[in-house]
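This report refers to the structure that appears directly beneath it.
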Amino acid sequence: MAAIHELVEKHRPDLTSYQELYKYFHANPELSNQEFETAATIAKHLKEKISSDFDVRTGIGGTGIAALLFNGEGPTVLLRADFDALPVEERTGLPYASKKRMKDADGVEKPVMHACGHDMHISSLLAAAELLVSAKDSWAGTLLLAFQPAEERGTGAQAMVDDGMYDPKKHNVPIPDMPYRAGVIGTRRGLCASSADSMRIVIHGRGGHASMPDRLIDPVVMAASTVIKLQTIVSREIDPWDTAVVTVASIQAGDAENIVVDDAKISLDVRCINPATREKIRKSIKRIVDAESMAGNAVKEPTYTITRSFPLTVNDDEVTARLEETFSAHFPVDKHNYTTEVSKLGGSEDFPNLATAVGKPYSFFMYGGTSPEVWDKYEAEGTLSEKIPINHSSLFYPDIMPTLQVAIDGYAAGALTWLLKK
Ligand SMILES: [Zn+2]
C-alpha cells in the first residue's frame with residue numbers, strides 16, 4: 001500500500017490550475033440534460049491538456065462521456081463524476097458565484113447553481129486522470145472515466161446505459177471490473193443511500209362556482225383527505241425497525257376564492273431502504289389514492305406519473321474492504337480524515353445503474369467540503385445542523401482546498417487499488 005501512497009504524492013498535478021478550473025465550472029453551471037458546454041470543456045481538457053491518448057466518446061445518453069485510457073493488460077476500473085447543476089439562485093456571495101439563468105425542460109427560465117458539488121466531482125476526476133496518466137508506468141489495465149449528465153433527475157446513468165454505452169455495436173465501452181464514484185473522506189460497507197421515487201398524482205373532480213357545492217365534485221376536499229390518509233402508510237403499515245419516508249411535497253388546486261377547479265394535483269416523494277418496502281409503499285399509495293377518489297365520487301380514476309426514480313445504493317463488501325485498505329494507508333486516520341463508517345447519504349444516487357446494468361459490484365465513497373475551522377467552531381457551539389449549508393442550498397459551497405486534493409487522491413488511489421502493477 002505504501003506504493004500507492006508514494007505514487008499519489010509524487011504524481012499529483014499542480015493544484016493551482018485545477019482550483020481555477022473548479023471556479024470556471026462553478027461559475028458556469030448547466031441544468032440537467034443541457035450540460036453541453038460542460039461536456040465540451042471536459043472532452044477538450046482530457047484530449048488537449050492531459051493526454052491525446054484518451055479515447056473520448058461523447059454524446060452517450062445525451063451529453064454523457066466515456067473516456068478510456070488503454071494501458072496494457074489488466075482490469076478495467078470505472079471512476080464516475082456527475083456534472084449537472086440545479087435550479088437554485090446562488091447566494092454565497094463568492095467572487096466566482098454563478099449568475100447564470102437558463103430555460104428548464106418546460107421552457108421556464110430558472111437561476112442555475114452548482115449547489116451539490118458536481119463541479120468538485122468533475123475537477124477532481126480530471127486532476128486524478130492527469131495524475132494517473134503521469135503514473136502510467138506503474139499500473140496496467142484500462143481506466144474508464146464516466147462523466148454523467150442528469151444525476152439530479154435520477155436519469156443520467158441509466159440513459160448512458162440505455163444508449164448503448166456497453167453495447168459492442170454502439171459505444172462499445174468495456175465493462176468495468178470494479179466501478180465506483182467519489183463523494184474528511186469515507187467509505188461504508190452495505191447500505192449507503194436510499195431509493196427514491198417521485199410522482200405526480202391528479203385527482204379529477206368537477207369544478208364550478210364556490211357557492212354551489214351540490215353541483216361540484218370538489219377536488220380540494222378529496223386531495224385534503226388523501227394527504228391525511230397517506231400519512232398513515234409509514235406510521236401504520238411499516239415495520240418500526242424499517243425506515244421509509246412518504247412526503248406530500250406539494251398540492252395545487254385553483255387560486256381563486258370563488259372558483260373550484262376540476263383537478264387537484266399532488267406531488268409525492270418516497271424514500272426506502274429495502275426493495276420489498278418500496279414495492280409495498282407503491283401499492284399502498286395506489287390503494288389509498290384510488291379509494292379516496294372513489295369515496296369523493298371523482299369523475300374518473302386518478303392519473304399517476306412517475307417523475308423520478310433512483311435505485312438503492314448498496315456498497316459491495318469486498319470492493320469496499322480493498323478501498324479501506326488503500327485509504328487507511330494513504331489518508332491519516334483521525335476523525336477529520338479517513339473513516340470506514342461514513343454516515344449514509346441524505347439523498348439518493350443513480351450511480352449504481354452504471355454498475356448493476358452490467359452485473360458488477362461497486363463502492364460509492366464520500367468526502368466533506370466544509371472548512372475545518374468553520375466545522376470545529378459550529379461543532380463546539382452545537383449548531384452544526386443549523387449553520388452548515390447542506391447540498392442544494394443556495395449557500396452551499398465547498399472549501400476548494402483541501403476538498404479538491406482529497407477528492408483527487410480518493411479517485412486516483414482508489415483506481416490504483418486494482419490497477420497497480422504487482
Ligand atoms: Zn444533488
Side-chain angles (χ1 to χ4, degrees), residues 22 25-35 38-39 42 61-64 79-92 94 97-98 100 102 104-105 110-125 146-160 180-183 185-186 188 192-198 245 247 249 267 269-272 307-313 342-354 362 364-370 385 388-400 403-404 407 410-411:
Y22 167 79
F25 285 126
H26 188 82
N28 294 280
E30 293 176 293
L31 290 174
S32 306
N33 295 314
Q34 302 185 57
E35 314 90 336
T38 307
I42 292 168
T63 54
L79 300 172
R80 172 271 210 169
D82 40 7
F83 58 51
D84 55 327
L86 289 156
V88 171
E89 183 138 40
E90 179 154 1
R91 296 194 294 129
T92 60
L94 290 166
S98 164
K100 184 124 173 199
M102 64 195 293
D104 69 5
K110 298 269 173 72
V112 194
M113 175 186 175
H114 269 299
C116 201
H118 297 187
D119 43 359
M120 183 61 76
H121 303 166
I122 319 166
S123 312
S124 58
L125 185 54
F147 291 93
Q148 182 215 305
E151 187 278 333
E152 298 293 356
R153 304 302 310 160
T155 54
Q158 195 60 43
M160 288 180 78
Y180 71 92
R181 171 225 172 179
I185 190 161
R188 178 176 195 93
C192 187
S194 65
S195 63
D197 298 286
S198 306
V245 177
T247 295
S267 303
D269 186 73
V270 179
R271 310 278 164 154
C272 300
T307 51
R308 298 195 313 162
S309 187
F310 290 79
L312 278 170
T313 303
V342 71
S343 3
K344 295 187 192 89
L345 200 66
S348 305
E349 253 303 326
D350 70 343
F351 160 73
N353 292 336
L354 289 172
Y362 59 86
F364 178 94
F365 64 91
M366 286 172 259
Y367 48 91
T370 307
S385 60
I388 305 263
I390 54 170
N391 294 45
H392 296 200
S393 154
S394 60
L395 298 172
F396 174 88
Y397 71 93
D399 213 24
I400 302 180
T403 311
L404 183 68
Y411 273 134

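Both ligands and their constituent atoms are indexed starting at 1 by order of listing.
For the Zn ion (ligand 1), the count of nearby protein N, O or S atoms, meaning those under 2.8 Å away, is 4.
Side chains of Gln34 and Asp104: a donor-acceptor N/O pair is absent below 3.5 angstrom, by distance only. A donor-acceptor pair shorter than 3.5 Å can be found between the side chains of Arg271 and Ser348. Between the side chains of Glu30 and Thr38, a donor-acceptor pair is found at a separation under 3.5 Å. At a cut-off of 3.5 Å, with distance as the only test, a side-chain donor of Asp197 or Ser309 sits close to an acceptor on the other residue. Counting only N and O atoms by type, the side chains of Glu152 and His392 include a donor and acceptor under 3.5 Å apart.
Shortest non-hydrogen contact noted between Ser123 and Leu404 is CB-CD1, 3.9 Å.
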